[in-house]
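Worksheet for the structure shown next.
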2 protein chains.
Amino acid sequence: MYIVSLNTDNIVIMSNIELKNAGLKVTLPRVKILNKLESAENHHMSAEDIYKELINDGEVISLATVYRVLTQFEAANIAIRHHFDSDNGQAVFELNHGGHHDHMVSLKTGKVVEFYDDIIENRQKEIAKEHNFKITEHSLILYGEFSEED
Amino acid sequence: MYIVSLNTDNIVIMSNIELKNAGLKVTLPRVKILNKLESAENHHMSAEDIYKELINDGEVISLATVYRVLTQFEAANIAIRHHFDSDNGQAVFELNHGGHHDHMVSLKTGKVVEFYDDIIENRQKEIAKEHNFKITEHSLILYGEFSEED
DNA sequence: CTACGTGCAAACGGTTTGCAATTCC
DNA sequence: GGAATTGCAAACCGTTTGCACGTAG
């Protein structure tokens, strides 16, 4: 599934096949960003999150590149962009693992939990039909807090 | 319900009691903006929508004031701010008539239809409970198009 | 070798804000 | 009259982009 190699700087490079399938050259910045998204603890990071972590790791990269790469990932269906009201207007990105899901977002910690519910999905379709509405996409976000949080 | 008067410029001034209840002085700009929101055909307008219509009506107002007033309305629960992905990043505002509802947004025309569904609301609560999550608010938006549209 | 990708800094677009002038009560 | 409000222009902040340089294949 992954092509793993080690460059002279001891940076682990995992070039996902999806990168090539998307017609994107396997460049260091793209690989670094993909790695960050793959290893993100709650699976959702803003461009700045990724940029700061990479800089912190000692990597050399520019914020503009992070934005450009994320936009390319989105266009290639490798990543999904969300606009959670709780993040200061910043978009957050997650890897697209295929299955649709909705989100629960903690207003306290920013923690994100994904969920999927057939009953809700079906009701959405029924309601749309009642209004002669064809759904292209939809966004359901629950904002609040988890009881185990600080 | 409304206090209606007529100023020398023949502008109908409806100062909603909510304005006073919110501790907001009943000023001309606030009344004009409230009127626009009340008369909006699809109940959802961006700050710029409101500004342009007022200028078109021959009113004198600044965009900064529209933004400030809308933010005050939001804080006073007179209006609700939404971020529909379809609007070019612009926030849209609607009057808060009390009852919660979700939205169907046309990607073609920007038309907005409101709906409310008990089944969905209940499932959201159940799912939240399963995750020990306390919902503060939530946002459900269906994007697509209405069949009767151009 | 050459098309594609990146870094930098400047531009962009929606929104906010400091300040002086104005308005409401 | 005095506090609250407005207009203007500049600041802000996340994101995008033009251009010269760098790099993958």
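Below, chain A is the first sequence line, B the second, and so on; all start at residue 1. Model, not experiment: these values are computed from the prediction. Side chains included, hydrogens not; waters and symmetry mates left out as well; all remaining heavy atoms used.
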(message) Can you confirm whether or not the ring centre of H101(B) sits under 6.0 Å from the ring centre of F115(B)?
(response)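 No - the distance between ring centres of H101(B) and F115(B) does not fall below the 6.0 Å cut-off.
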
(message) Suppose we call two aromatic rings close when their centres sit under 6.0 Å apart. Are H83(A) and H83(B) close by that rule?
(response) no

Separation of [X] atom [atom1] from [N] atom [atom2], in whole Å?
| X | N | atom1 | atom2 | answer |
| --- | --- | --- | --- | --- |
| F73(A) | dG5(C) | CZ | C1' | 13 Å |
| I61(A) | dT23(D) | CD1 | C1' | 14 Å |
| L28(A) | dT23(D) | CG | C1' | 10 Å |
| K32(B) | dT5(D) | NZ | P | 16 Å |
| I33(A) | dT6(C) | CD1 | P | 8 Å |
| E59(A) | dG7(C) | CD | P | 11 Å |
| L19(A) | dG25(D) | CG | P | 10 Å |
| R30(A) | dC4(C) | CZ | P | 11 Å |

(message) Would the distance check show the side chain of N96(B) and the main-chain N or O of G98(B) forming a donor-acceptor pair, the cut-off being under 3.5 Å?
(response) yes

(request) Just say parallel, tilted or perpendicular for the rings of Y116(A) and H100(A), cut-offs at 30° and 60°. (result) perpendicular

(request) Indicate whether OP1 or OP2 belonging to dA4(D) is found under 4.0 Å from a side-chain N or O atom of T27(B). (result)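 The answer is no; no side-chain N or O of T27(B) sits under 4.0 Å from OP1 or OP2.
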
(request) Answer yes if M45(B) and V31(B) sit in the same cluster of Ile, Leu, Val, Met, Phe, Trp and Tyr residues linked by side chain heavy atoms under 4.5 Å apart, and no otherwise. (result) yes

(message) I'd like to compare against my own output: the B/S/- annotation of nucleotides 13-18 of chain D with a strict under-4.0 Å heavy-atom distance to protein.
(response) -SSBBB

(request) Could you tell me which non-hydrogen atom of I61(B) sits nearest to which non-hydrogen atom of P29(B), and how far apart they are? (result)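 So the two residues come closest at CD1-CB, 4.0 Å.
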
